[in-house]
Amino acid sequence: GAVVSQHPSWVICKSGTSVKIECRSLDFQATTMFWYRQFPKQSLMLMATSNEGSKATYEQGVEKDKFLINHASLTLSTLTVTSAHPEDSSFYICSAQLPRDSRYGYTFGSGTRLTVV
Amino acid sequence: GENVEQHPSTLSVQEGDSAVIKCTYSDSASNYFPWYKQELGKGPQLIIDIRSNVGEKKDQRIAVTLNKTAKHFSLHITETQPEDSAVYFCAASIGGTSYGKLTFGQGTILTVHP
């Protein structure tokens, strides 16, 4: 149980275009989701926290107009990279906060490899 | 905010040996400490976690110890196998009525040589 499905697993896009990444909780309601960015051989860096039905909270230094996060339902959060540039190429990972009565605190998606050409 | 330091950055062991990875945290309010294994091109997978009301936890070949006073926790893998080779991350968060955001360590690349 407590599975988060992230799609797509990889995507290549041209500079200047936008890309949407989806994160769905399959068997539980995810009130809170987190979006991370990971560069090669580095740790996960939190980009933003999204709560269902409200605006996302972005970490310092993350451009909220560039990385649009929508959490319109309890089972779906999306990250849209707008006007993508090569420096946006990275591995993006979503995570969901599990319900209070869960054994564990979080579950992670399988990640999306974004390459901007 | 919370800061998590992880060492070593790389660890190479022979199959069958033990591996130990150590982390320190800065926020004494942190009370949930998970460890994740990440394979290339995949998301992190939880391998073990510990809460601040427990000093040690073991699950087969994997164990985690926590020293709240010193604010450090460690991952111990015994009888290592080649399939244990991966990147391991420690993390910390403040859990209460719900879990707060996770702060990750820098990661340890573990290589187990056959």
Side-chain angles (χ1 to χ4, degrees), chain A residues 1-10 21 23 28-52 56-62 90-115, chain B residues 1-11 21 23-25 30-54 57 59 62 64 86-111:
Chain A
V3 175
V4 165
S5 177
Q6 184 173 345
H7 292 281
S9 56
W10 60 270
I21 301 170
C23 187
F28 68 100
Q29 293 183 330
T31 305
T32 301
M33 286 191 174
F34 306 93
W35 286 94
Y36 296 87
R37 183 175 184 176
Q38 186 178 33
F39 290 108
K41 297 186 178 181
Q42 293 190 22
S43 187
L44 285 77
M45 298 300 298
L46 181 66
M47 299 174 66
T49 302
S50 72
N51 292 293
E52 184 267 337
T57 302
Y58 290 81
E59 295 298 303
Q60 191 173 7
V62 177
S90 190
F91 193 54
Y92 294 87
I93 307 169
C94 67
S95 172
Q97 181 189 80
L98 294 176
R100 284 182 58 186
D101 57 355
S102 297
R103 166 64 183 84
Y104 307 108
Y106 315 85
T107 186
F108 286 80
S110 55
T112 297
R113 172 73 58 193
L114 170 63
T115 302
Chain B
E2 175 67 283
N3 183 49
V4 178
E5 296 287 333
Q6 182 173 346
H7 299 281
S9 56
T10 61
L11 181 59
I21 303 171
C23 289
T24 60
Y25 60 98
S30 291
N31 58 7
Y32 179 64
F33 308 93
W35 284 89
Y36 295 93
K37 176 182 181 182
Q38 187 180 30
E39 297 178 336
L40 192 62
K42 298 183 179 180
Q45 293 293 316
L46 179 75
I47 56 172
I48 197 167
D49 61 354
I50 192 167
R51 287 171 172 76
S52 59
N53 58 348
V54 176
K57 183 177 177 182
D59 183 3
I62 296 173
V64 57
V87 182
Y88 290 81
F89 292 98
C90 62
S93 76
I94 301 172
T97 54
S98 61
Y99 290 93
K101 59 184 182 181
L102 273 172
T103 300
F104 283 84
Q106 296 85 348
T108 297
I109 302 172
L110 174 63
T111 304

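Numbers restart at 1 for each chain; the letters A, B, ... are given by sequence-line order, proteins then strands.
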Margin query: Does B:Gln45, at its CD atom, have more than 12 non-hydrogen atoms belonging to other residues, nucleotides or ligands within less than 6.0 Å?
Written below: no
Next item on the list: Please check if atom NZ in B:Lys42 has more than 12 non-hydrogen atoms from other residues, nucleotides or ligands closer than 6.0 Å.
Entry: no
Without placing hydrogens or testing angles, list every side-chain donor-acceptor pair under 3.5 Å for residues 104-111 of chain A, not counting sequence neighbours.
{"from": "A:Tyr106", "atom 1": "OH", "to": "B:Ser93", "atom 2": "OG", "distance (Å)": "2.9"}
{"from": "A:Tyr106", "atom 1": "OH", "to": "B:Gly100", "atom 2": "O", "distance (Å)": "2.4"}
{"from": "A:Thr107", "atom 1": "OG1", "to": "A:Ala2", "atom 2": "O", "distance (Å)": "3.0"}

Check: Taking only residues two or more places apart in sequence, or in another chain, which ones meet B:Phe33 in a ring-ring contact (aromatic ring centres under 6.0 Å, His included)?
Finding: B:Tyr25, B:Phe73
Under 4.5 Å from any heavy atom of chain A, what part of [X] do you find: side chain, backbone, both or neither?
X: B:Pro34; value: neither
X: B:Gln38; value: side chain
X: B:Ile109; value: neither
X: B:Phe104; value: both

Check: Where along residues 36-45 of chain A does a heavy atom come under 4.5 Å of chain B, listed by residue number?
Finding: A:Tyr36, A:Gln38, A:Gln42, A:Ser43, A:Leu44
Notebook entry, point to check: Can you list every pair that meets salt bridge (Lys or Arg N to Asp or Glu O under 4.0 Å) and has a residue in residues 100-109 of chain B, with sequence neighbours left out?
Noted result: A:Glu59-B:Lys101
